[in-house]
**Q** 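Before I ask anything, here is the structure I am working with.
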Amino acid sequence: MHRKTFIKNIAATFGALALSNFDIIKALAPDPFTIKMLNDTTGIFSEKGGTILFQLNKKGIIVVDTQFADTAAHLIEQLKNKSKKAFKLLVNTHHHGDHTSGNIAFKGIVDTIVAHKNSLTNQKATALKSKNEDKQLYATETFDTNWSKKIGKEKITLHYFGAGHTNGDAIVHFEKANIVHMGDLVFNRRHPYIDRPGGANIANWITVLEKTVTTFNDDTKFICGHCHKDYTVEITKADISAFANYLKNVLNFVSAEIKAGKTKAAIFKATEIPGSEEWKGDGIERPLTAAYEELTANT
Ligand SMILES: [Zn+2]
Ligand SMILES: [Zn+2]
């Protein structure tokens, strides 16, 4: 169909719904991002890369993770439309590029950037290797096991429960709102990235998730970095437990295959993880490879 005819047809359809030309133009070129408020002041921004959590706090704007430089610019523009306050605090859940590449968009406009100490080390090492140190904006503060700061009526607490997706994943709790950003510690029904060079450990990751479930109360809302397209990044304790169970099933499956004398190539032919068939889509080679390496590391 010719573009002109296509637009005419669309216009006819929308015209029937009594929409203005402006709405038609907007419908043809929608915003590349989505913003969803979780309460009056706290919301999530999704475009490309890991989910961003933000709060329009009376003492200043709080942002968790930054995706990429171009998408962070969209976020900043939107938040500036919603609040006249300055950016008070930026948190990175971990060092991966789809969570920290947008930090640079906050250069000179944010007071404090905080991350786990291993996240900063990993971010610096990765930037050095990728020769893009000039495109980084690093944490101004790091922590080891816990970090807390009161901003207005909100209290932001970061927890570190040990190695999981990397060796520097912070769990970010907005205590008053009772919202937790899990970063990439949960991939909702999607095969996860498991960054072994970045210190990941599947066995310990399971422990981290079990500790998460017992640390927060039943009213806590959770969000995570990534999900399968048929699912959402808004998750529950049940989803966190299901992901812990998935990781257990990955280890059990690969371990049994190794014990049965299967070759690496044969193991990697698997198309699903027995017991966790809900995890569909591409990328199954990532957990299989990581589990194989983790299980054979000391033999
Ligand atoms: Zn990510
Ligand atoms: Zn990640």
Side-chain angles (χ1 to χ4, degrees), residues 33-34 44-54 63-72 75 90-105 113-127 129-130 132 135-139 158-172 180-202 204-206 208-209 212 222-229 231-235 239-240 243-244 246-247 250 279 281-287 289-291 293-294:
F33 52 82
T34 57
I44 51 176
F45 173 98
S46 308
E47 185 171 348
K48 182 173 70 177
T51 312
I52 294 173
L53 177 68
F54 65 83
V63 173
V64 182
D65 284 349
T66 60
Q67 297 189 348
F68 299 93
D70 56 339
T71 61
L75 169 81
L90 172 58
V91 180
N92 286 137
T93 59
H94 65 298
H95 74 286
H96 284 157
D98 60 316
H99 300 256
T100 61
S101 298
N103 283 14
I104 196 76
I113 307 174
V114 62
H116 187 263
K117 62 182 174 107
N118 294 341
S119 171
L120 177 61
T121 306
N122 291 338
Q123 191 185 346
K124 285 182 172 170
T126 308
K129 227 171 116 185
S130 318
N132 61 5
K135 295 193 173 62
Q136 307 298 316
L137 187 68
Y138 294 118
L158 312 189
H159 299 270
Y160 179 68
F161 293 157
H165 167 72
T166 68
N167 62 2
D169 303 287
I171 295 170
V172 185
V180 169
H181 195 329
M182 292 298 294
D184 281 0
L185 285 169
V186 178
F187 279 66
N188 191 17
R189 273 74 179 181
R190 198 183 144 187
H191 296 297
Y193 284 85
I194 303 174
D195 186 358
R196 282 179 50 78
N201 185 285
I202 303 172
N204 201 65
W205 193 343
I206 296 162
V208 168
L209 296 173
T212 300
F222 296 89
I223 62 155
C224 64
H226 306 278
C227 61
H228 184 276
K229 63 175 177 49
Y231 288 83
T232 103
V233 293
E234 289 174 70
I235 53 169
D239 296 318
I240 296 172
F243 186 62
Y246 160 91
L247 292 175
V250 168
W279 269 257
D282 61 346
I284 195 169
E285 70 285 356
R286 299 191 300 254
T289 307
E293 288 176 6
E294 186 170 315

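All ligand and atom numbering here is 1-based and tracks the order in the structure.
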**Q** Counting backbone and side chain alike, does H99 bring an N/O/S atom below 2.8 Å of the Zn ion (ligand 2)?
**A**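 No - counting backbone and side chain alike, H99 has no N, O or S atom under 2.8 Å.
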**Q** Can you tell me how far apart CD (Q67) and OG (S46) are? Round to the nearest 0.5 Å.
**A** 7.0 Å
**Q** Considering the options T71, I52, T34, which one meets the side chain to side chain contact (heavy atoms under 4.5 Å, CB included) requirement together with E47?
**A** T71
**Q** Can you tell me which N/O/S atom of H165 has the shortest distance to the Zn ion (ligand 2)?
**A**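 Considering only N, O and S atoms, H165 comes nearest to the Zn ion (ligand 2) through NE2.
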**Q** Testing H96, H99, H165, H191 for ring pair (Phe, Tyr, Trp, His ring centres under 6.0 Å) with H226, which one passes?
**A** H99
**Q** Which N, O or S atom name in D98 marks its closest approach to the Zn ion (ligand 1)?
**A** OD2
**Q** Hey, is the main chain of G281 close enough, under 3.5 Å, to the side chain of R190 for a donor-acceptor pair?
**A**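 Checking the backbone N and O of G281 against the side chain of R190, no donor-acceptor pair under 3.5 Å is found.
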**Q** Main chain of H95, side chain of S119: is a donor-acceptor contact present, judged purely on distance under 3.5 Å?
**A**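 Judged by distance alone, yes, a pair lies under 3.5 Å.
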**Q** D184: which N/O/S atom is nearest the Zn ion (ligand 2)?
**A**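 Among the N, O or S atoms of D184, the one closest to the Zn ion (ligand 2) is OD2.
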**Q** So which N/O/S atom does H96 have closest to the Zn ion (ligand 2)?
**A**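 Answer by atom name: ND1.
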